Protein chains: 2
Amino acid sequence: MIGSDTMARLSDIIEEFIKTLLRESEGQLELQRNEMADYFECAPSQINYVLSTRFSPNQGYYIESRRGGGGYIRIIRLDVEKNDYLHYLLSEGIGIRITEKNALQIIKRLFEQGDILEKSAYLMKSAITDKAIMIPTNLKDNIRAGILKSMITAIITWNSKKV
Amino acid sequence: MIGSDTMARLSDIIEEFIKTLLRESEGQLELQRNEMADYFECAPSQINYVLSTRFSPNQGYYIESRRGGGGYIRIIRLDVEKNDYLHYLLSEGIGIRITEKNALQIIKRLFEQGDILEKSAYLMKSAITDKAIMIPTNLKDNIRAGILKSMITAIITWNSKKV
DNA sequence: ATTTTTGACCTTCTTTGACCTTCATATTAT
DNA sequence: ATAATATGAAGGTCAAAGAAGGTCAAAAAT
């Protein structure tokens with residue numbers, strides 16, 4: 001198509017670049033935001049944009065970072081194959097709110113499937129009970145969903161982490 | 001080089017150095033501030049910085065020092081009985097609200113003391129971060145305190161249940 | 001209408017250096 | 001010999017500078 005030399009969007013290029021790096025580094029890498037921004041001649045915040053739109057847990061990635069001198073951004077590719085059910089829970093299973101009963105069921109199932117040890121199940125349950133979440137009742141299910149998803153992301157991340 | 005390992009912070013290196021020394025000396029040691037600063041080629045005050053940000057009483061350490069000729073800095077690791085510390089956290093240590101930073105410090109300490117495994121620490125951290133607790137900022141510290149105390153209660157219960 | 005790009009402003013953490021306080025010892029004055 | 005003083009060797013404090021990353025909204029592009 002003449003004249004439509006669709007310049008690839010920079011965000012897509014950065015996305016690919018990161019994914020290539022990840023392939024070369026067993027699914028885990030650290031980068032400097034400013035270095036990246038420099039390399040791609042873009043605003044530093046564009047790196048955040050790429051990360052938040054293309055590297056969410058939902059999409060199979062987890063981001064850790066630290067500010068200050070010696071700061072970094074760490075990107076971990078989650079092994080969604082091996083953590084099938086866990087990943088399903090994140091992307092569709094849980095949603096924006098969940099009752100105590102449902103949450104407890106999920107945790108029970110995680111234990112029964114061998115995703116977590118009994119002790120971890122016990123710990124997780126303690127974090128999402130109505131008693132633990134001290135806030136007006138109408139909000140508990142929302143908070144619970146956030147905490148449960150965060151814990152599940154942690155489990156997947158742990159399972160995916162390099163030694 | 002993008003994606004290469006990030007440089008470790010000097011303060012972290014000094015922290016590890018001291019913790020290793022402590023392990024080799026039954027939890028108590030004396031050092032000379034200038035000697036340390038010399039060894040790590042840093043400003044003497046950086047030693048104080050490391051001590052105050054990483055060896056506070058909350059983090060499980062106690063510092064004594066003397067000035068003048070023959071001066072020294074003594075670092076003492078507080079080795080509390082496991083359950084004593086857990087109960088202390090419930091009764092006074094945590095209170096009705098706690099910041100993310102303090103909560104993370106407590107969990108790190110639980111791991112370093114051998115109260116919990118690294119994986120459990122990782123799970124616990126994921127449950128109490130600001131990101132996990134999706135509610136207006138001014139309420140996060142309250143919710144966090146409730147969840148953390150609930151998890152600590154679970155640890156105590158688990159410890160006493162399994163004989 | 002939606003996604004991407006940009007930039008102004010913010011927060012966190014670390015490093016550095018100038019200046020201060022304390023203590024032991026050596027020196028000096030009585 | 002004793003008391004007062006000077007000296008130097010520690011460690012302490014604090015604020016400024018530096019080094020990251022984060023957020024948010026306006027502007028631009030699709």
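None of the values given here were measured: they were computed from a predicted structure. A, B, ... follow the sequence lines: proteins, then strands. Residue 1 opens every chain.
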Please determine whether a side-chain nitrogen or oxygen atom of [X] lies at a distance below 4.0 Å from atom OP1 or OP2 of [N].
X: A/Asn48; N: D/dG22; result: yes
X: B/Gln32; N: D/dG11; result: yes
X: B/Lys101; N: C/dT12; result: no
X: A/Gln46; N: C/dT6; result: yes

Can you tell me if CD on A/Gln113 sees more than 12 non-hydrogen neighbours from other groups inside 6.0 Å?
yes
If you draw a 6.0 Å radius around CZ in A/Arg54, do more than 12 non-hydrogen atoms from other residues or ligands fall strictly inside?
yes
Describe the nucleic acid contact of [X] in one word from base, sugar-phosphate, nothing, applying a heavy-atom distance below 4.0 Å.
X: B/Lys131; value: nothing
X: A/Leu31; value: sugar-phosphate
X: B/Ile73; value: sugar-phosphate
X: B/Arg9; value: sugar-phosphate
X: A/Arg74; value: nothing
X: A/Tyr72; value: sugar-phosphate

d([atom1], [X]; [atom2], [N]) in whole Å:
X: A/Glu41; N: C/dT6; atom1: CD; atom2: C1'; result: 14 Å
X: B/Ile14; N: C/dC13; atom1: CD1; atom2: P; result: 17 Å
X: B/Leu10; N: D/dG18; atom1: CG; atom2: P; result: 18 Å
X: B/Leu51; N: C/dT15; atom1: CG; atom2: P; result: 14 Å
X: A/Glu15; N: C/dT4; atom1: CD; atom2: C1'; result: 13 Å
X: B/Glu30; N: D/dA10; atom1: CD; atom2: P; result: 14 Å
X: A/Asp12; N: C/dT3; atom1: CG; atom2: C1'; result: 10 Å
X: B/Asn34; N: D/dG8; atom1: CG; atom2: P; result: 16 Å

Would you name the heavy atoms of A/Thr53 and A/Gln59 that are closest together and state the gap between them?
O-NE2, 2.9 Å
With DNA chain C as reference, determine whether A/Arg54 or B/Val50 sits nearer its 5' end, using the nearest nucleotide of each.
A/Arg54
Distances under 3.5 Å between protein N/O atoms and the N/O atoms of nucleotides 18-25 of chain C, please, pair by pair.
| from | atom 1 | to | atom 2 | distance (Å) |
| --- | --- | --- | --- | --- |
| C/dT21 | O4' | B/Arg67 | NH1 | 3.0 |
| C/dT21 | O2 | B/Arg67 | NH1 | 2.7 |
| C/dT22 | O2 | B/Gly68 | N | 3.3 |
| C/dC23 | O3' | B/Arg66 | NH2 | 3.3 |
| C/dA24 | OP1 | B/Arg66 | NH2 | 2.5 |

Of all the choices, [options], which nucleotide is nearest to the side chain of [X] once you look at every atom?
X: B/Ser11; options: C/dT15, D/dT13, C/dT5; answer: C/dT15
X: B/Ser65; options: C/dT5, C/dC13, D/dG12; answer: D/dG12
X: A/Ala43; options: D/dT23, C/dT5, C/dT6; answer: C/dT6

Would the A/Tyr62 and A/Phe55 ring centres measure less than 6.0 Å apart?
no
Can you confirm whether A/Tyr85 sits close enough to A/Ile106 that some side-chain heavy atom of one is under 4.5 Å from a side-chain heavy atom of the other?
yes
Compare all side-chain heavy atoms of A/Phe111 with those of A/Tyr122 and state whether any distance is below 4.5 angstrom.
no
Using a strict cut-off of less than 4.0 Å between a Lys/Arg side-chain nitrogen and an Asp/Glu carboxylate oxygen, indicate whether B/Arg109 and B/Asp115 qualify as a salt bridge.
no
Does A/Lys82 pair with A/Asp84 as a salt bridge, N-O distance under 4.0 Å?
no
